[in-house]
Amino acid sequence: MEVRVLVVDDDPMVRRLLTTVLAAQGIDVVGEATDGDEVVPAVAEYRPDVVLMDLHMRRTGGLDAIRELRRRPGPPAVIALTSFGTDETVVAALAAGAQGFLSKDDDPEHIAAHVRDVAAGSGALDHVSAGAVIRHLSGSRRLDSRRDEARSALDALTTREREIATFLPHGLSNREIGRRLYLSESTVKAHLGRAMAKLDLTAREQLAVLVDRAGATAPGTGS
């Protein structure tokens with residue numbers, strides 16, 4: 001399959017190397033761009049199937065360039081390319097609309113194979129990037145699970161108990177909570193005591209953590 005590639009990188013040596021590597025693998029580098037702000041006009045001129053996009057450039061970063069491309073009709077596939085990438089960088093590139101993420105240190109044949117995969121409609125992640133995505137998704141699932149568990153626990157409380165508890169993450173005293181809800185300090189204390197007993201908690205800080213985890217904290221209280 002013939003694949004047309006646009007290489008975007010602000011380092012001329014990197015552009016030259018990628019062009020040489022891809023050409024040796026039978027992939028046609030139809031054009032180059034030296035910064036993210038050149039991507040859209042370069043794509044319009046060269047009509048590539050795949051854009052190899054550096055993420056760290058002087059004027060316009062690769063993430064912004066990817067987002068701009070995705071706003072255009074019929075954009076080419078994009079592979080984010082970087083010499084260093086954290087888990088957050090990998091996930092950000094994919095969230096921006098990249099179909100793959102590769103390291104500049106990858107084997108030339110490996111890069112070429114991934115370019116062909118993306119051109120054919122498949123995603124491309126090296127093993128390091130794949131691990132980053134897995135860790136991110138696993139972390140998200142754990143957070144979702146903990147949030148759902150916290151919300152389920154708070155369902156055991158009455159409406160008034162939950163309302164009072166939502167102020168705990170702000171660090172307010174019983175008197176301050178009572179002032180905001182027009183309740184006596186003793187009433188607030190009694191409701192919180194019953195809430196902690198229902199949830200088998202021994203400290204109000206534990207209830208504050210549960211409320212925060214459930215995303216049920218009251219809006220900012222001000223002064």
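Each residue takes its place number in the sequence, starting with 1.
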Evaluation steps, side-chain contact (heavy atoms from CB on, under 4.5 Å), between Val118 and Asp49: CA-CA 9 Å; Val118 165; Asp49 303 302; over 6 Å; no
For Leu22 and Ala112, which heavy atoms make the closest approach, and how far apart are they? CD2-CA, 4.1 Å
Quick check: closest heavy atoms across Ala65 and Gly36, and the distance to 0.1 Å? CB-O, 3.7 Å
Between Leu81 and Leu18, is there a side-chain heavy-atom distance shorter than 4.5 Å? yes
Between Arg4 and Val30, is there a donor-acceptor pair closer than 3.5 Å when you use the side chain of the first and the backbone of the second? no
How many angstroms lie between CG in Asp54 and CD1 in Ile79, if you round to the nearest 0.5 Å? 13.5 Å
Run Val115 and Gln25 through side-chain contact (heavy atoms from CB on, under 4.5 Å) and show every step you take. CA-CA 11 Å; Val115 168; Gln25 299 295 321; over 6 Å; no
Heavy atoms, side chains only, cut-off 4.5 Å: are Leu168 and Val211 in contact? no
Note, Leu181 side chain near Val188 side chain (heavy atom, < 4.5 Å): no
Would you say Arg67 has more than 12 foreign heavy atoms packed within less than 6.0 Å of its CZ? yes
What orientation do Phe167 and His170 show, parallel under 30°, tilted 30 to 60°, or perpendicular over 60°? tilted
Compare all side-chain heavy atoms of Leu69 with those of Val39 and state whether any distance is below 4.5 angstrom. yes
Is there a side-chain contact between Gln99 and Val50, using heavy atoms and a 4.5 Å cut-off? no
When hydrophobic residues are tied together by side-chain contacts of less than 4.5 Å, even through go-betweens, does Val29 share a cluster with Val14? yes
State whether the number of non-hydrogen atoms from other residues, nucleotides or ligands found under 6.0 Å of Glu109 atom CD is greater than 12. no
So how far is it from Leu6 CG to Arg15 CZ, rounded to the nearest 0.5 Å? 10.5 Å
Does Arg179 pair with Glu176 as a salt bridge, N-O distance under 4.0 Å? no
Same cluster or not: are Leu102 and Val21 linked, directly or through other Ile, Leu, Val, Met, Phe, Trp or Tyr residues, by side-chain heavy atoms under 4.5 angstrom apart? no
In this structure, are over 12 heavy atoms from other groups packed under 6.0 Å from Asp155 atom CG? yes
Using a cut-off of 6.0 Å, state whether more than 12 heavy atoms not belonging to Lys104 lie near its atom NZ. yes
How long is the span from the NE2 atom in His114 to the CG atom in Asp107, to the nearest 0.5 Å? 10.5 Å
For residues Asp9 and Leu52, determine if any side-chain heavy atom of one lies less than 4.5 Å from a side-chain heavy atom of the other. no
Regarding Glu68 and Arg72, does a basic nitrogen lie under 4.0 Å from an acidic carboxylate oxygen? yes
Using 4.0 Å as the upper bound for N to carboxylate O, is an ion pair formed by Arg59 and Asp10? no
Test item: Gln206 and Met196 side chains (from C-beta on) under 4.5 Å apart, heavy atoms: no
Within 6.0 angstrom of Arg194 CZ, more than 12 heavy atoms from elsewhere: yes
Quick one, Leu154 and Leu207 - any side-chain contact, counting heavy atoms below 4.5 Å? yes
Is Ile111 reachable from Leu17 through a run of hydrophobic residues whose side-chain heavy atoms are each under 4.5 Å from the next? no
Run the side-chain contact (heavy atoms from CB on, under 4.5 Å) check on Val78 and Arg70 step by step: do they pass? CA-CA 10 Å; Val78 176; Arg70 302 308 298 175; 5.5 Å; no
Same cluster (ILVMFWY, side-chain, under 4.5 Å), Val209 and Leu201: no
